[in-house]
Peer 1: 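Here's a structure for you.
Residue numbering restarts at 1 for every chain, and letters A, B, ... go by the order of the sequence lines.
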Protein chains: 2
Amino acid sequence: MQISSRFTMAIHMFACIDTFKEQKMTSDFMAASIGTNPVIIRKLLQQLKAAGLIEVARGTGGVRITRPLENITFLDVYRAVECTPDNELFHFHENPNEKCPVGRNIHHVLDDKLNKVQKTMENELEAITLGDVKKDLQEWVSK
Amino acid sequence: MQISSRFTMAIHMFACIDTFKEQKMTSDFMAASIGTNPVIIRKLLQQLKAAGLIEVARGTGGVRITRPLENITFLDVYRAVECTPDNELFHFHENPNEKCPVGRNIHHVLDDKLNKVQKTMENELEAITLGDVKKDLQEWVSK
DNA sequence: AAAGATGTAACTGAAACGGTTACAATAAAA
DNA sequence: TTTTATTGTAACCGTTTCAGTTACATCTTT
């Protein structure tokens, strides 16, 4: 399975908020830029708000990013919008046979290895920030 | 989203085939060890066969692993059983607005970064082999 | 021919995804 | 105070994937 497009949409939202910081940023505007429905954006806004990454002005509209972009990592965004049960990247089959020597031990054997892969991926996500996106976006826009 | 349990089931299958190599390994046996349905196993067998990792004896039954376990990586198994469109880990939203400076460039900006994360994860999967699983499983079983 | 296995089609229920409509709640402006 | 613009959220929808299940054709050996 793929990581849902909520992740790239959320990053796109941050890019909009920052790029057009002179204007009030609404869900309609972002929906138009991303190419989706405003309600999708508002649901994402709620997830990002719950994660403490933004503040949303009800009624009047407008979004404020709560931290400098360099202090918001891809992992922060990923965790905010991606719903993986127990934060587990791998879904382990749930009923291995305890009477079989393989079934009884496969979990012990695999858990460490799978956690290591997940941890490596999360470290990589953590090494990229929205500040990097801002910087690269400015370069592309000015081309 | 999570990586499907087909991945851990497939590794479990290899562990069965190797651990019980004295006997003929059938889909019924593996289904019992994994705790699922034989047809699930047979579908996985087809995917692993298509990837060239095993040979399945039709009619008579039995599975042969085509390479030494140390030469089969988690990435081989992952690619064999996980169906991600275009091998892309991240699902990019598909209709960014070309008229918006952000929408027009977001793909350029993110592609490299997302590919890097994916590549890192794949490298980590590639560093673990079924030989490692065999070794650790033997330790656990003999406890 | 019988037995035992794989290969595969067809179906199911559940969950997640992305989207859509509708509307209540809110805040500011007129 | 009314209007306007916006967010918040519930209730759907169609699609896809997942894991499972039944049924049965096919194959190989006995």
Peer 1: What is the ring orientation for A/Trp140 with B/His108, classed by angle as parallel under 30°, tilted 30 to 60°, or perpendicular over 60°?
Peer 2: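 A/Trp140 vs B/His108 ring planes: parallel.
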Peer 1: Mind telling me whether A/Tyr78 and A/Phe7 have parallel, tilted or perpendicular rings, with 30° and 60° as the class edges?
Peer 2: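 If you compare the ring of A/Phe7 with that of A/Tyr78, the planes turn out perpendicular.
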Peer 1: With a 4.0 Å cutoff (strictly under), does any side-chain N or O of A/Ser5 reach OP1 or OP2 of C/dC17?
Peer 2: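 No, A/Ser5 has no side-chain N/O under 4.0 Å of OP1/OP2 on C/dC17.
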Peer 1: Rounded to whole Å, how long is the line connecting atom CE of B/Met13 with atom P of D/dA19?
Peer 2: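 In whole Å, D/dA19 P lies 14 Å from B/Met13 CE.
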Peer 1: C/dA16 P sits how many Å from B/Met1 CE, rounded?
Peer 2: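 After rounding, the gap between these two atoms is 7 Å.
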Peer 1: May I ask you to decide whether B/Lys49 forms a salt bridge with B/Glu55, counting only side-chain N to carboxylate O separations under 4.0 Å?
Peer 2: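 No.
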Peer 1: Take the protein atom CD of B/Gln2 and the nucleotide atom P of C/dC17, then report the distance between them rounded to whole Å.
Peer 2: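 In whole Å, C/dC17 P and B/Gln2 CD are 10 Å from each other.
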Peer 1: To the nearest angstrom, how far is A/Ile41 atom CD1 from D/dT6 atom P?
Peer 2: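 Answer to the nearest Å: 15 Å.
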Peer 1: Strictly distance-based, threshold 3.5 Å: is any side-chain N or O of B/Glu126 a donor or acceptor partner for the main-chain N or O of B/Phe74?
Peer 2: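 Side chain of B/Glu126 to backbone of B/Phe74: no pair is present.
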Peer 1: Out of D/dT22, D/dC18, C/dA16, which nucleotide sits closest to the side chain of B/Glu82?
Peer 2: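 Of the candidates, D/dC18 comes closest.
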Peer 1: Which atoms form the tightest heavy-atom contact between A/Ser27 and A/Pro38, and what is the distance?
Peer 2: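 Residues A/Ser27 and A/Pro38, closest heavy atoms: CB-O, 3.9 Å.
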Peer 1: Measure the distance from CD on B/Gln47 to P on D/dA19 and round it to the nearest whole Å.
Peer 2: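 Value for this atom pair: 10 Å.
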Peer 1: Could you tell me which non-hydrogen atom of B/Ser33 sits nearest to which non-hydrogen atom of A/Val102, and how far apart they are?
Peer 2: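 Closest approach of B/Ser33 to A/Val102: OG-CB, 4.3 Å.
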Peer 1: Nucleotide by nucleotide, 5' to 3', does protein get under 4.0 Å of the base (B), only the sugar-phosphate (S), or neither (-) in nucleotides 1-11 of chain C, counting heavy atoms?
Peer 2: ---BBBBBBB-
Peer 1: Could you tell me how far apart B/Phe7 (CZ) and D/dA19 (C1') are, to the nearest whole angstrom?
Peer 2: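 Distance check: B/Phe7 CZ to D/dA19 C1' gives 18 Å.
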Peer 1: Rounded off to whole Å, could you give me the CD1-to-C1' distance for the B/Ile3 and D/dT17 pair?
Peer 2: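 Computing the B/Ile3:CD1 to D/dT17:C1' distance gives 15 Å.
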Peer 1: Heavy atoms only, 4.0 Å cut-off, all strands: where does A/His93 land among base, sugar-phosphate and nothing?
Peer 2: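 The residue A/His93 makes no contact with any strand.
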Peer 1: Does the side chain of B/Lys116 reach to within under 4.5 Å of the side chain of A/Ile128, using non-hydrogen atoms?
Peer 2: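 No, side chains not in contact.
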Peer 1: Give the rounded distance in Å between these two atoms: CG of A/Asn37 and C1' of D/dT9.
Peer 2: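 Answer to the nearest Å: 13 Å.
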